[in-house]
Structure formats: C-alpha cells, structure tokens
Amino acid sequence: MLRTKTCGELRRAHEDETVKLCGWVNSYREQGKELVFVDLRDRYGKTQVVFRTDDSAEIDARARKLRREDVIQVEGVVRYRGDDLVNPKLETGEIEIRVSALTVFSKSKTPPFELEGGELPNEELRLKHRFFDLRRSTLQENIRLRHDLSQAVREYFNTRDFLEIETPILGRSTPEGARDYLVPSRVHHGAFYALPQSPQIYKQLLMVSGFDRYYQIARCFRDEDLRADRQPEFTQIDVEMTFVERDDVLDMIDGLVTSVIKKVKGIELEGSLPRYTYADVMERFGSDKPDMRFGMELIDIGDVGAVSDFGVFKAVVEGGGRVRGINAKGASEKYSRRLLDKDLKDFVGEYGAKGLAYMKVAGGKLESTIAKFFSEDQQAEIIKRMDGEDGDLLLFVADKPAVTSAALAALRNRLGKELELYDPETFCPLWVVDFPLLTWNEDEKRFDAEHHPFCEPNKEDVELLESDPGKVRADSYDLVINGYEAASGSVRIHDSQVQQKIFDLLNINEEEAESRFGFLLEGLRYGAPPHAGVALGLDRWVMLLAGDDNIRDVVAFPKTQRASDLLSGAPARVDDHQLKDLRIEIEGLDEDDE
RNA sequence: GGGGCCGUAGCUCAAUUGGUUAGAGUACCGGACUGUCGAUCCGGGGGUUGAGGGUUCAAGUCCCUUCGGCCUCGCCA
C-alpha cells in the first residue's frame with residue numbers, strides 16, 4: 001500500500017500512529033542545517049512533514065532537494081506539534097509527520113505558474129497547462145461540486161422510476177437549430193453523421209416505445225460562437241415523461257431543483273418555484289430570463305413622452321416605438337456625467353439603442369438637460385410612475401419596442417451588479433411559461449420555431465394557427481436562475497398530423513419533413529402517447545452553484561472562444577491517408593495556413 | 001461577420017513626449033539560519049517586448065499586416 005492516510009485527515013487523535021502519505025510538494029522551508037519542512041498536498045488537504053538531520057542525514061539531504069510539485073511518499077510518525085506551534089490555517093495544523101522514509105516518485109519541472117497567492121495568470125497559459133491549473137483548490141472544488149450535482153440528480157430520478165438511457169452520439173443532421181458538428185462516414189462516401197445538439201428526437205421515440213420516465217446526463221454539441229456561459233460541447237440533464245401535462249413536469253423539476261440545491265449547497269428553497277408568463281416578464285424586465293434577485297422593473301412612460309415637448313420621445317412614440325425606463329434607487333450621485341453620456345450610452349448602444357436619457361430626482365423635481373421639455377405635471381407623473389424619490393437616477397430608452405427591452409434589460413443587469421442590489425450568494429429560480437410558438441423571420445419571410453419544431457401549441461390558441469400564427473402560445477417553459485436560462489422544455493406534439501401542420505408553418509414541406517424527420521413522424525403514427533420533457537444545462541447549474549460566471553471553470557477540459565483545446569491542440573490537421581479513406585479533399589488551404 | 005480589451009523575464013506587472021545597458025515583486029539557482037508554515041536574510045542567472053514588415057538618427061512606445069486569449073452584438077430550434 002502506497003498510502004495509509006490522506007493529507008487531509010490526520011488530527012491529534014492520531015498521535016503516535018505510523019502512517020504513509022503520498023502527495024505533491026506544495027511548499028518547502030529549510031530551517032538551518034537540522035530541519036526541513038514540507039507541506040504535502042493531495043486532493044484532501046495539506047499536511048506538514050518534517051525532516052531532521054538527527055533522524056537520518058541521508059533522508060535530510062534528499063529532502064533538501066525537494067521542490068514544488070515533486071511527487072513523494074513519506075512514512076513517519078504523527079506528532080502533536082506543541083501548543084505554540086499549531087497552525088490554525090491548516091485542518092491538519094495540530095500535527096505533523098516526523099519522517100522516517102522518503103520516496104521520490106517523480107520530479108517536477110519548474111511549474112508554469114504559482115498555484116496559490118498572487119493573481120491568476122492569463123487564461124491562455126492556464127488552458128495550455130490545464131492538468132496543472134486543475135490542481136488549484138477552486139477548480140478541484142468545482143469539479144467535486146459537479147460530481148455531487150450529477151449524483152444528486154441521478155439519485156432523485158432513480159428513486160422515482162426513471163430509467164437512464166443512452167442515445168446515439170453519431171446521429172443524423174436535422175434542419176434548423178444550431179449548426180451541426182459533422183462526422184464523415186468512411187463506409188458511406190459523401191455521407192455524414194451529426195453530433196447531437198440534444199437527444200430530442202430519440203427521447204421522444206423512447207416515449208413512443210413505452211419507457212415512460214427517462215433521463216440522461218447527455219453530452220450535446222453545437223457549432224456556434226461561444227460566450228462566457230457557452231461551450232461547443234456541454235452537458236444536459238435530459239428528461240422526458242409520458243402521460244403528463246405541463247404542470248406535472250414543472251412539479252417534478254421543482255422537486256429536483258429544491259432537493260439538489262439542498263443537497264449540494266444546504267440551501268432551502270420554497271417547494272414550488274414561482275411561475276411567470278413570457279408576456280409578463282418581457283413587459284416587466286425586458287427579458288425572457290430575468291434576474292429576480294432584485295427589482296428595478298421597466299416602466300413605460302410613452303404616453304407622457306408623447307405629450308411632452310421632448311421631440312425625441314414624441315417622435316419615437318408616434319413612430320410606433322416605446323419609451324421605457326428604470327429607476328436606479330439612490331444612484332443619482334454614483335454615475336458621473338461622463339459615465340452616463342459615454343459608457344452607459346455606448347453600453348445600451350450595443351443593443352441597438354440610439355440614446356440614453358437620464359434624469360435625477362431632486363427636491364421632488366427632475367434634474368436633467370432634458371427636464372425643461374417636461375411640464376411640472378408631466379415631471380410629477382414620471383416621478384410617481386417611476387416611484388422616484390430624491391437621489392434616484394431615472395434612465396430611459398426610447399426606441400423600437402424590442403430595442404427598449406433588450407437595452408434596458410442589459411442595463412438593469414449591469415446596474416444591479418454595480419450597485420450591489422442583491423446578495424450574490426442567493427438563488428432566485430423561476431419558471432417562464434407560455435412562450436410564443438413561432439417567431440417571424442423577416443430575412444427568410446417565414447416563421448421559425450421559438451423553442452423547437454416538436455413543441456405543442458397551447459390548446460386555447462389552436463384556432464390562431466390558421467389566422468394569426470405569430471400569436472400562438474406554446475406549451476413550453478424555461479427555468480431561469482439569476483438571469484441565466486437553466487432549463488428549457490415543452491409538451492411535445494404526439495399527433496403526426498399536428499406535427500405536419502407545424503412543419504408546414506415552418507416552411508418545411510412534406511417531402512423534406514419525411515426525409516429529415518421521417519423517423520420521428522413515423523414513430524408518432526404508431527400510437528404515440530402524450531409526453532413532455534425538459535433539459536437542464538448541467539454546466540450552467542454547476543457554474544451558478546459555484547458562484548462563478550465562467551463556464552470553463554466547471555469543465556475539466558474546456559475549449560477557448562474559438563473552440564480550440566489549447567491542451568491537446570484540437571482541432572488539428574489529419575493525415576492525408578485518413579482524408580483519402582473518407583474521400584475528403586481540402587480546398588483553399590495555404591501552406592502556412594495552420 | 002461586427003465592436004471592445006489584452007499580449008514585456010517561468011508568472012504578475014512597470015518603463016515620462018519615440019531617447020542611457022528594458023526594471024520590480026515572485027518563481028528559479030547558490031549561500032546563511034535549530035520550529036518554520038505566504039518563512040526570513042544575502043547573492044546570482046534569466047528578455048526574439050506574441051510574430052512579420054514599415055517610418056525614424058533612434059521603436060516596448062508610432063503605422064500596416066498577422067497570430068493568440070478574454071468580453072460582447074449577431075448567432076446559439
């Protein structure tokens with residue numbers, strides 16, 4: 001046995017035991033000719049080991065050659081350090097190991113950066129040495145948290161009659177949705193598999209097969225541009241249930257969310273998560289994934305703007321736009337004029353807003369370069385509607401309705417964070433329901449599925465499918481936490497005729513539908529039960545539970561924004577004979593185009 | 001595809017208006033130290049300023065091109 005204990009578990013109660021420990025040299029301190037201290041580290045903690053010339057000059061000499069990150073084994077006796085020598089910063093600080101034998105398993109090159117203390121090096125370097133970065137305690141804890149979450153999820157579903165079923169990774173490319181990652185077939189020349197964007201169709205077919213409660217912790221792939229919270233491959237907790245309605249799924253996931261948050265974070269949430277309609281959150285927060293840890297709702301003052309003397313507001317309202325604003329309570333002195341006129345204006349500009357109007361509330365009136373365009377009554381009405389008090393900063397965007405939503409929602413998130421309007425440790429989950437089924441695609445002059453093409457229309461709106469498809473609500477739902485989409489799902493269509501009708505609206509003709517989705521449509525023709533499901537983004541959940549805002553910190557081997565793996569060098573060129581097997585030729589490559 | 005920030009010693013950063021031999025902390029190497037624990041003290045080595053080109057008497061600094069990382073809009077059923 002190479003070790004009898006770990007570096008995190010020894011206490012005074014183990015005094016006088018002989019133990020073997022293995023680990024990495026975290027730090028070393030030579031103290032004169034007689035003494036060497038080494039802090040030995042493994043996944044479980046750190047333990048101080050002490051070498052003395054008295055005990056063995058030979059071991060002491062070798063100990064003096066130890067350097068950071070060398071991997072060693074020590075054998076020795078657990079000693080209480082003495083009342084004045086306890087180190088309260090270490091869990092094992094009461095004791096140390098008096099070493100009687102040392103084995104050096106492996107020497108380390110000088111580490112690429114320092115694991116603790118000081119600032120983190122740039123992420124490029126960390127990713128190149130990911131195996132090393134992963135030794136840092138924060139990343140170790142994140143990976144541990146990820147494991148805990150996966151296990152809690154499995155336990156929850158396993159005790160409720162769900163079966164974990166794997167679905168293919170090599171599948172078929174389907175139209176719409178994200179860009180597929182493709183895998184060429186060697187056997188079928190010119191044909192390609194697609195990696196799954198999600199196991200959607202397979203899980204629906206499993207419902208048709210009678211596996212009425214399914215889940216899977218499934219890897220998914222989408223070849224789209226990345227963000228701080230998006231990786232090209234990511235993990236979904238995929239769930240599907242048969243003979244259920246929307247609320248059955250929501251209740252089941254409420255239970256999952258409250259139980260896993262309790263289990264991995266020890267936080268008690270209300271048993272039933274609040275449910276809002278899409279129309280409601282879009283109006284009040286301008287976003288379908290509002291951060292509900294703070295208020296600052298969007299308020300419409302378009303009617304006041306329309307009758308004021310402020311030309312910008314008037315013109316926007318007359319042109320069918322909206323004037324909406326938010327109230328940054330007590331922030332009138334926190335943003336300089338330069339910040340407001342430049343930084344915040346540019347910030348909302350990223351979302352298409354042409355300007356940002358602001359007014360400060362002081363002495364019951366509005367203070368602003370544009371205040372003169374508003375009568376006393378109009379000012380009073382704005383203050384009242386915005387719930388304004390002296391010291392408040394009111395910010396307005398006048399633009400196309402969608403632009404006011406996007407710009408103010410982003411501004412609200414930014415101000416909420418900058419003004420510290422919430423406790424970053426809290427979790428505020430909510431369901432958003434009744435999404436639109438379809439959204440009009442102006443470029444292609446047709447409807448797109450808002451969620452995906454297998455989503456059941458809300459029964460109350462079925463008539464509208466013919467008359468006004470854009471108004472049809474879907475029987476779909478998103479779970480939102482702290483401003484992130486944390487899960488998404490819907491009741492599925494189980495009638496092949498309804499499914500065909502939706503394909504028609506999406507401008508997918510019968511022939512194309514048969515060719516691309518035929519295997520689903522055919523399944524629906526052989527006795528398909530009502531079913532519904534949801535998928536939770538595991539990576540985002542771990543990120544949120546870790547209090548992080550970077551998804552790479554919760555993935556063991558993540559990819560960069562350009563989807564490369566700096567550790568392995570993927571993606572990379574392949575040998576010509578591999579391409580020849582696949583009958584693939586690469587066009588337009590320069591010699592130096594690596 | 002668009003916008004923004006960044007790249008100087010192993011690492012984190014500094015370097016006046018374009019001007020002396022590109023510095024500091026830390027890491028690394030050597031030495032001192034009998035209870036250290038972010039050890040301390042003394043000494044030392046270490047630079048293709050991401051790469052390429054240009055302007056200039058002179059470029060880390062200015063210009064062009066390019067590579068890479070991060071944030072973001074579009075995109076992500």
Side-chain angles (χ1 to χ4, degrees), chain A residues 26-39 46-54 64-65 67-69 79 81-82 84-90 92-93 96 108-129 132 174-180 197-198 200-201 220-232 234 343 346-353 406-407 410 414 435 437-439 441 443 447-455 474 476 485 488 490 502 506 508 517 535 537 549-550 552 559-562 564 566 592-594:
Chain A
N26 193 70
S27 60
Y28 62 95
R29 296 175 292 280
E30 292 178 52
Q31 182 65 44
K33 290 269 183 272
E34 322 278 321
L35 267 174
V36 178
F37 298 99
V38 166
D39 288 345
K46 289 178 214 160
T47 298
Q48 173 166 288
V49 300
V50 54
F51 301 86
R52 286 182 165 277
T53 318
D54 297 347
R64 276 167 204 278
K65 296 211 173 78
R67 290 299 177 264
R68 286 157 192 253
E69 305 306 324
R79 287 283 167 80
R81 291 195 190 186
D84 298 335
L85 295 171
V86 167
N87 183 353
K89 290 179 196 164
L90 284 187
T92 61
E96 65 192 6
S108 172
K109 286 170 66 176
T110 299
F113 53 90
E114 289 157 62
L115 287 180
E116 42 190 35
E119 285 174 58
L120 279 178
N122 75 57
E123 202 164 347
E124 186 177 358
L125 186 85
R126 288 170 49 204
L127 290 170
K128 271 180 187 153
H129 302 273
F132 185 74
T174 50
E176 293 209 49
R179 198 174 291 114
D180 286 319
Q197 298 174 28
S198 83
Q200 184 62 36
I201 293 177
C220 306
F221 307 84
R222 293 178 189 175
D223 188 4
E224 295 291 347
D225 287 348
L226 306 182
R227 288 288 187 282
D229 65 342
R230 299 203 312 235
Q231 280 279 297
F234 59 99
D343 289 32
D346 288 352
F347 179 77
V348 295
E350 287 173 38
Y351 301 87
R414 173 169 167 174
F435 279 76
L437 182 71
L438 306 162
T439 46
N441 183 332
D443 296 339
F447 284 103
D448 283 337
E450 169 77 19
H451 182 53
H452 59 53
F454 319 113
C455 188
S476 68
E485 179 190 311
S488 183
S490 64
I502 299 297
L506 296 173
I508 302 173
F517 301 114
D549 57 8
N550 179 344
R552 295 181 296 278
K559 294 190 170 53
T560 69
Q561 203 187 29
R562 297 190 65 227
S564 42
L566 298 181
D592 46 57
D593 190 4
E594 286 293 331

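First the proteins, then the strands, lettered A, B, ... as listed; each starts at 1.
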Do any side-chain nitrogens or oxygens of [X] fall under 4.0 Å of OP1 or OP2 in [N]?
X        : N     : answer
A/Lys89  : B/G38 : yes
A/Asn122 : B/U12 : yes
A/Thr47  : B/C37 : no
A/Arg29  : B/U36 : no
A/Thr560 : B/G69 : yes
A/Lys33  : B/C33 : yes
A/Arg562 : B/G68 : yes
A/Arg126 : B/C11 : no
A/Arg227 : B/C73 : yes
A/Arg64  : B/G31 : no

Inset, instruction - Please determine if A/Arg222 forms a cation-pi arrangement with A/Phe234, meaning its NZ or CZ atom is less than 6.0 Å from the six-membered ring centre and no more than 45° off the ring axis. - result: no

With a 3.5 Å distance limit and no angle check, can you tell me whether [X] reaches the backbone of [Y] through a side-chain donor-acceptor pair?
X        : Y        : value
A/Thr439 : A/Glu450 : no
A/Arg179 : A/Asp223 : yes
A/Thr53  : A/Glu34  : yes

Quick one: which of [options] gets closest to the side chain of [X]?
X        : options             : answer
A/Asn87  : B/C37, B/C13, B/C71 : B/C37
A/Ala178 : B/U72, B/G35, B/C76 : B/C76
A/Arg67  : B/U12, B/U72, B/G30 : B/G30
A/Gln31  : B/G35, B/C11, B/C75 : B/G35
A/Glu30  : B/G35, B/C33, B/C70 : B/C33
A/Phe37  : B/U12, B/U36, B/C70 : B/U36

So, does the side chain of [X] form a donor-acceptor pair with the base of [N] at under 3.5 Å?
X        : N     : result
A/Glu124 : B/G7  : no
A/Glu114 : B/U12 : no
A/Arg552 : B/C70 : no

Legend entry - Verify stack between A/Phe113 ring and B/C11 base, 5.5 Å, 30 degrees: no

Inset, instruction - Determine which nucleotide pairs with B/A24, using a 3.5 Å limit on both distances of a Watson-Crick or G-U wobble pair. - result: B/U12

Legend entry - Over all atoms of both residues, closest heavy-atom pair of A/Leu438 and A/Ala449: CD2-CA, 4.4 Å

